[in-house]
There are 2 protein chains.
Amino acid sequence: MPGTDQMPPVNTGDDVGVPSGFVTYAGNAGIKDPSLDVSLLASERGCAAAGMFTRSLFAGPSVKLSRRHLDQGAPRAIVTVSKNANVATGSQGDKDAFELAQLAADVLGCAPEDVLVASTGVIGRAYPMDKIRSHFRSLAKPAVADFPSLARAIMTTDTFPKLASTRLGDVTITGVAKGSGMIEPDMATLLAYVATDASVTPDELAGAWARVVERTFNCLSIDTDTSTSDSALVLANAVAGPVAPGELERGLEAVCRSLTVQLASDGEGATKLLQVEVLGGADYAQAKRVAKSIVNSPLVKCAVHGADPNWGRVVMAIGKCSSDRDIDPEALTVSFNGMTVYPGPLVGEGLDRLAQLMSGETVVIKVDLALGAATATVWGCDLSSEYVHINADYTT
Amino acid sequence: MPGTDQMPPVNTGDDVGVPSGFVTYAGNAGIKDPSLDVSLLASERGCAAAGMFTRSLFAGPSVKLSRRHLDQGAPRAIVTVSKNANVATGSQGDKDAFELAQLAADVLGCAPEDVLVASTGVIGRAYPMDKIRSHFRSLAKPAVADFPSLARAIMTTDTFPKLASTRLGDVTITGVAKGSGMIEPDMATLLAYVATDASVTPDELAGAWARVVERTFNCLSIDTDTSTSDSALVLANAVAGPVAPGELERGLEAVCRSLTVQLASDGEGATKLLQVEVLGGADYAQAKRVAKSIVNSPLVKCAVHGADPNWGRVVMAIGKCSSDRDIDPEALTVSFNGMTVYPGPLVGEGLDRLAQLMSGETVVIKVDLALGAATATVWGCDLSSEYVHINADYTT
């Protein structure tokens with residue numbers, strides 16, 4: 001897999017490009033408040049499509065229906081309801097998910113099986129189907145592509161919309177994502193949609209998508225909690241023609257990596273982005289396991305919050321990987337923001353300089369296991385009082 | 001294994017009993033501040049002994065030395081240094097740990113191999129051996145048994161000392177423990193010492209101790225972080241004669257369960273004790289895995305902090321056990337403090353009453369998986385802003 005230096009440059013925010021042959025819609029059906037809560041992303045023609053979903057035992061009706069529609073054919077649209085996850089809603093939830101696909105299909109002039117469904121928000125409440133029905137029945141087929149509005153329409157507790165795009169010759173790849181809590185994707189992620197006008201076979205797309213998600217969204221952890229609604233979807237409509245398969249994968253990775261970093265920066269209560277790089281692993285799985293143990297440690301996250309270069313906690317978190325008996329405490333090195341802290345000690349002026357560096361918006365912890373050539377990078381954020389405030393009083 | 005109703009009653013705090021033939025010492029060697037920081041627990045004669053230790057890759061010199069001394073013979077004493085863990089201190093750390101055993105042995109008039117060593121506190125700093133040496137060389141052999149002082153001397157960020165004892169006829173079982181952060185014991189725990197004057201063979205004691213630790217200290221999780229110094233030790237000196245093996249195990253479990261609940265109540269920043277009981281598991285391992293997933297979920301812990309009966313997060317945490325494909329979302333039930341919330345909905349007056357119940361000091365979440373007869377109980381605490389404050393600025 002490529003390093004960042006081999007990836008194409010990425011635009012974010014309102015500067016993202018628009019892939020040819022896609023349209024979007026974002027509106028308010030009154031699910032919870034007057035903010036955007038229903039949206040469509042649709043291709044004018046059939047697509048190659050791929051998806052990765054939550055492994056939660058309680059995957060919601062949206063996830064189950066989208067899995068089925070991906071298996072059945074060539075979906076060309078995604079309909080999303082935010083502010084209500086439609087999870088733990090019994091058999092009514094399954095019916096509502098299919099009706100949502102049908103309502104979107106009627107607007108777009110396609111079959112319900114061509115529509116993927118995603119949903120995010122509170123668990124355990126049925127959709128207000130009357131509101132959703134009357135909203136969709138009033139809609140005309142969308143004629144514009146406004147990705148920034150689409151990104152806003154899928155938000156729940158996010159504080160900013162996440163967008164990223166890249167260009168590969170005539171081809172554009174544009175993605176949106178949402179999520180700020182209940183995030184440790186497990187073979188899937190939050191909600192993330194990537195649209196591209198590249199031409200690619202469904203099999204090639206599925207392979208590239210699985211590898212890219214493993215390296216990007218699946219390297220993100222805000223709080224170790226796995227959502228019941230995670231869906232990462234890609235649609236490729238072939239309007240702009242082919243690119244080399246390796247090039248497409250690099251483009252997808254660049255877009256998804258940018259979205260992942262944006263998600264980590266906006267973790268619930270986050271004041272700092274935490275990037276953990278593990279080098280010298282025996283294999284990628286080990287490097288990622290160690291990196292995840294560090295990025296998920298509440299004590300490491302608190303130390304990062306306090307700009308405290310507490311390498312003892314990093315060593316503790318590595319020590320938790322108790323099946324990795326090949327790791328030698330005496331051989332490894334740990335650095336914070338480029339300054340080696342273990343083996344140490346780092347004292348005096350150097351320590352002051354490091355505290356200064358760590359008071360910025362990004363903390364990079366780098367660990368060299370000195371075992372092999374595998375590396376892994378994962379992203380998370382600090383643990384702040386604000387995380388507790390946000391989550392101590394959510395439903396009632 | 002017995003339920004609580006079959007366990008003998010337990011005394012705590014200053015009311016704990018004193019097993020015959022044991023003495024203690026607690027003093028200050030000036031490790032960090034004027035509080036108690038060195039201590040001894042010793043039997044007048046040889047003991048059956050057993051220990052369970054951290055599985056961290058970076059187990060400290062104290063753990064390594066105690067493992068060796070347990071293998072070699074019949075230890076009769078435990079020496080503890082608090083406020084400094086002697087971890088990640090290189091080969092000097094190993095030498096210092098052995099010298100500590102030697103210094104204690106000289107005071108007690110035994111061989112260094114008869115002494116177990118434990119240590120807790122900051123990681124990565126060498127012991128101040130000058131201070132420790134001069135302190136121990138000034139000591140006379142202890143002549144009294146003061147368990148409350150021993151419990152205070154092993155504390156670090158604990159806010160109160162943890163003590164528990166029980167009586168079985170002529171036999172007394174008395175334990176002390178410490179720990180409030182970096183706590184998810186993994187085949188071991190924090191620091192916990194139990195002394196008893198019961199007569200028991202080393203093999204019987206080792207078997208009972210492993211089972212008791214699995215049901216008590218290993219069912220505790222404050223923050224998913226595993227210490228490098230965890231040690232749970234038991235000494236039995238036979239002064240008061242034998243009890244039935246099953247009875248001794250119940251007595252040990254009663255004492256260790258009380259200590260575990262005390263530790264959970266004093267988790268860093270804790271305002272509430274969180275007890276999670278999983279019933280109807282296919283086997284104990286599954287019931288405990290599900291219970292741990294719930295007690296460790298930051299989102300569940302925040303909801304408990306806010307007295308919010310957010311069962312959606314409990315269902316989410318169960319869903320994270322993605323290997324347990326036999327769990328049926330439709331079949332399980334969830335209650336908070338005795339009131340069923342799933343299947344629900346619980347609304348109106350019932351919801352108000354539950355919010356009232358959850359505003360107390362203990363929240364009990366009970367889940368019935370409806371698969372089999374296995375049950376597991378685990379203990380933790382809520383996640384508060386105070387946890388972040390305590391841990392955002394610890395070393396520097």
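Each chain gets a letter, A, B and so on, in the order its sequence line appears, and its residues count up from 1.
Side-chain contact between B:H305 and A:N391: absent, with no pair of heavy atoms (C-beta onward) separated by less than 4.5 Å. Counting heavy atoms from C-beta on, the side chains of B:H389 and A:S385 come closer than 4.5 Å.
When the candidates B:G312, B:S297, B:P298, B:A59 are compared by the number of heavy-atom contacts under 4.5 Å with chain A, B:P298 comes out ahead. Between chain A and the options B:I318, B:D382, B:V87, the largest number of non-hydrogen pairs under 4.5 Å is found for B:I318. The candidate from A:V315, A:D324, A:D328 with the greatest count of non-hydrogen atom pairs under 4.5 Å with chain B is A:V315.
Among residues two or more places apart in sequence or in another chain, the ring-ring contact (aromatic ring centres under 6.0 Å, His included) test is passed with A:W311 by A:Y342.
Contact detail for A:V388 and B:C302: the closest heavy-atom pair is CA-SG, 3.8 Å. Summarising the geometry of B:P329 relative to A:L57, their closest heavy-atom pair is CG-O, 3.9 Å, with the distance given to 0.1 Å.
For B:L354, no part lies under 4.5 angstrom from a heavy atom of chain A.
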